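In what follows, every chain begins at residue 1, and chains take the letters A, B, ... in the order their sequences are listed. Fair warning: this is a prediction, and the values are worked out from it, not measured in the lab.
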Protein chains: 2
Amino acid sequence: MAVTIYDVAREANVSMATVSRVVNGNPNVKPATRKKVTACIERLGYRPNAVARGLASRKTTTVGVIVPDISKSYYAELSRGIADVATMYEYNIILSNSDKRPLREMELIEDHLGKQVDGLIFMSDSISDDVRKEMNSANIPIVLAGTLDSKFEFPTVNIENKEAAHAAVNELIENDHKRIAFISGPFSRDINRLSKKTGYEEAMAEAGLSIPEGYIVETDNTYDDAYEVWNRLKKLPEPPTAVFAGNDEIAVGLMNGIRDAGLAVPNDIELICFQHSILARAVRPQLTAIRVPLYDLGAVSMRLLTKLMNGEEVDQKQVVLPYQLEQRDSVRSN
Amino acid sequence: MAVTIYDVAREANVSMATVSRVVNGNPNVKPATRKKVTACIERLGYRPNAVARGLASRKTTTVGVIVPDISKSYYAELSRGIADVATMYEYNIILSNSDKRPLREMELIEDHLGKQVDGLIFMSDSISDDVRKEMNSANIPIVLAGTLDSKFEFPTVNIENKEAAHAAVNELIENDHKRIAFISGPFSRDINRLSKKTGYEEAMAEAGLSIPEGYIVETDNTYDDAYEVWNRLKKLPEPPTAVFAGNDEIAVGLMNGIRDAGLAVPNDIELICFQHSILARAVRPQLTAIRVPLYDLGAVSMRLLTKLMNGEEVDQKQVVLPYQLEQRDSVRSN
DNA sequence: GTGAAAGCGCTAACAG
DNA sequence: CTGTTAGCGCTTTCAC
């Protein structure tokens, strides 16, 4: 049996209310009393029971984090940003993986609400109607991190993915490419379809370039799947001379496919992508890429959540962080 | 105010005890009653309060996971294994980052105990005496995942790192290398000093090879630090012709350093390492490596923890998982 | 099968 | 400044 606040109270000859006060740093305690109580706490090895505290105070100092897959560096990096700010504000994190399955996402939200989290950070590639409804009926603040909310209902921290995609494609266009392909993750996900693909299409249209059949390739977002893509691309009547990839993992898969087909990046094919991990820098040639500030996305999301949990007024609920285009070696410099 | 078990009881004209029974699947409820209660639960949208339940039952169905840095793919992958098994057994996970700082590790253990986790999975590169003491005095089961316990006090799930290092170096020796260097993470950490370095030294000794001054290089485990290593190695009186690296991130750093110095892997230098991420496969040449079954390490750890939390007898508390040596292109095949 | 009642360990008024 | 007293929402005997 663990030692309780009551044990400390008896030992120190005070009431449990007083012990509670010193534990919670309430200033209304005489220094002498505080010292006596502190000593007893130390001696007995008292450790406050956060569960009891949570029940009594209706706050758990715990936030839920629902992430598609923590083993993906994109989310791992983001989560680290969340965790660091959470620590700073003395919150714990309950972390769950959804695999982007709407049903699972629903269950997890329910589950986290049952655990009485004080707030929730949600990440996914799309928000299904059911999930949206579920989140709308939750009585706690929810922040979307690195996640597109096509209806702008929830507080969100993000970069301008569409604009970034546009800028990336422009790099290729400026190098006089006319035949630019786009290799993407699944279009079932808003971020791929609504942001990156649209950015690509806009940039192409703006430059008066057409997008031939087969230039837009949907993959399952894995290295292995992307590795096979060049085999298809090269058989096109007019194969692309440059490719914009949705992230660095598929860019590297593609690049290795290109190389193993006897071509070279950037000499034969130029390549640009979104950077989610160290991969973009570790391969040779290093990939020219849109760097997504993942850690910051997480940190800012959590900071926003703390404000919301505190009931502070937040003027800007749709936070946009800057991205950076990093010139490296998969696109020739002008 | 959320709806409570009491609201449901009144609505269904039963006692809260009965509602509790149906919520918990207790068979001692007449089917008709169960149905009636279930209907009310549905109608009112009742969701059990896990905090209250935790206080009353003294079980939170939550386990703590203390990890050095979730943004590192090593731990991210491991955590995914933990999380999946946790989900399977209906546990939630509180995830915290320690950055391998013993003081922080202590705080986190305290913190998690305060939150009344039912069990704890701990990961680090070393276990300090204070942390050891802290864990010994905890009243809940603790499992070390992918973490060396030099005193064999705690349940552990691991691979034979020393043996694996030995095997890796042997690959190089079999290719007739006499001058083999070892590039490692910090030796302040048991796993580097006691396992990998010892395995390297044993293999070298066994083959009658000496280890010249400067052949053992300590890095801070980062790509960038490793990138600089070749500049030092090449200035040695007799530069190595092969290198064993503690993990793939530093192996890639080193390899790029080698390449940028005008040499080629594997033609000039052969390279083998522990594989922690997709990096080993994504770079060219692909790295011959010891594959660490990270996901399984996590999954088995969590499974072991569930047994311990259930009070089941566990005969084997030091679980050893097999590793695999994957032949790829940074070591020439014989 | 079901209900009543006693806590779980703590916070939060409210007195004094 | 300190103590008393209700709960927080649920589980868990123990009766019936």
Which listed nucleotide (dT11(C), dC8(D), dT2(D)) is nearest to the side chain of Arg58(A)?
dC8(D)
Pair Arg80(B) + Asp84(B), salt bridge at N-O below 4.0 Å
yes
Evaluate the side-chain contact (heavy atoms from CB on, under 4.5 Å) criterion for residues Asn158(B) and Leu321(B): first the C-alpha distance (whole Å), next the side-chain angles of each, then the deciding distance (0.1 Å), finally the verdict.
CA-CA 6 Å; Asn158(B) 230 325; Leu321(B) 262 35; over 6 Å; no
According to a strict under-4.0 Å criterion, is Asn28(A) in side-chain N/O contact with OP1 or OP2 of dT2(D)?
no
Below 4.0 angstrom from OP1 or OP2 of dT4(D), is there any side-chain N or O of Tyr6(A)?
no
Have a look at Val14(A) and say if it touches a base, only the backbone sugar-phosphate, or nothing, with a 4.0 Å heavy-atom cut-off.
sugar-phosphate
Check step by step if side-chain contact (heavy atoms from CB on, under 4.5 Å) holds for Asp190(B) and Ile127(B).
CA-CA 8 Å; Asp190(B) 288 349; Ile127(B) 300 176; 5.6 Å; no
For Thr18(B), which contact category applies under a 4.0 Å heavy-atom criterion: base, sugar-phosphate, or nothing?
sugar-phosphate
Relative to the 5' end of DNA chain D, which residue comes earlier, Pro27(A) or Ala17(A), by the nucleotide with the nearest heavy atom?
Pro27(A)
Hey, is the side chain of Asn49(B) poking within less than 4.0 Å of OP1 or OP2 on dC8(D), counting only N and O atoms?
no
Check the phosphate of dT11(D) against Ser20(B), side-chain N and O only, distance under 4.0 Å to OP1 or OP2. Yes or no?
yes
Looking at Glu105(B), Arg101(B), Lys100(B), which hits side chain to side chain donor-acceptor pair (under 3.5 Å) with Ser124(B)?
Glu105(B)
Distance-only donor-acceptor test, Arg21(A) side-chain atoms vs dG3(D) base atoms, 3.5 Å
yes
Should Lys317(A) and Phe154(A) be marked as a side-chain contact (heavy atoms from CB on, under 4.5 Å) after you check the CA-CA gap, both sets of side-chain angles, and the distance that decides it?
CA-CA 8 Å; Lys317(A) 294 205 178 176; Phe154(A) 303 101; over 6 Å; no
Can you find a side chain N or O atom of Ser15(A) that sits less than 4.0 Å from OP1 or OP2 on dT4(D)?
no
As a check of understanding: the bend across the helix from dG1(C)-dC16(D) to dG16(C)-dC1(D), end axes from five pairs, rounded to 10 degrees, works out to 30°
Do the side chains of Lys59(B) and Asp118(B) get close enough for a salt bridge, i.e. N-O under 4.0 angstrom?
no
Just N and O in the side chain of Ser57(A): are any of them under 4.0 Å from OP1 or OP2 of dA12(C)?
no
Round to the nearest Å and state the distance from Gln116(B) atom CD to dC8(C) atom P.
14 Å
Taking OP1 and OP2 of dT11(C), is either one under 4.0 Å from a side-chain nitrogen or oxygen of Arg53(A)?
yes
For atom CD of Glu90(B), decide whether the heavy atoms of other residues, nucleotides or ligands shown that lie under 6.0 angstrom number more than 12.
no
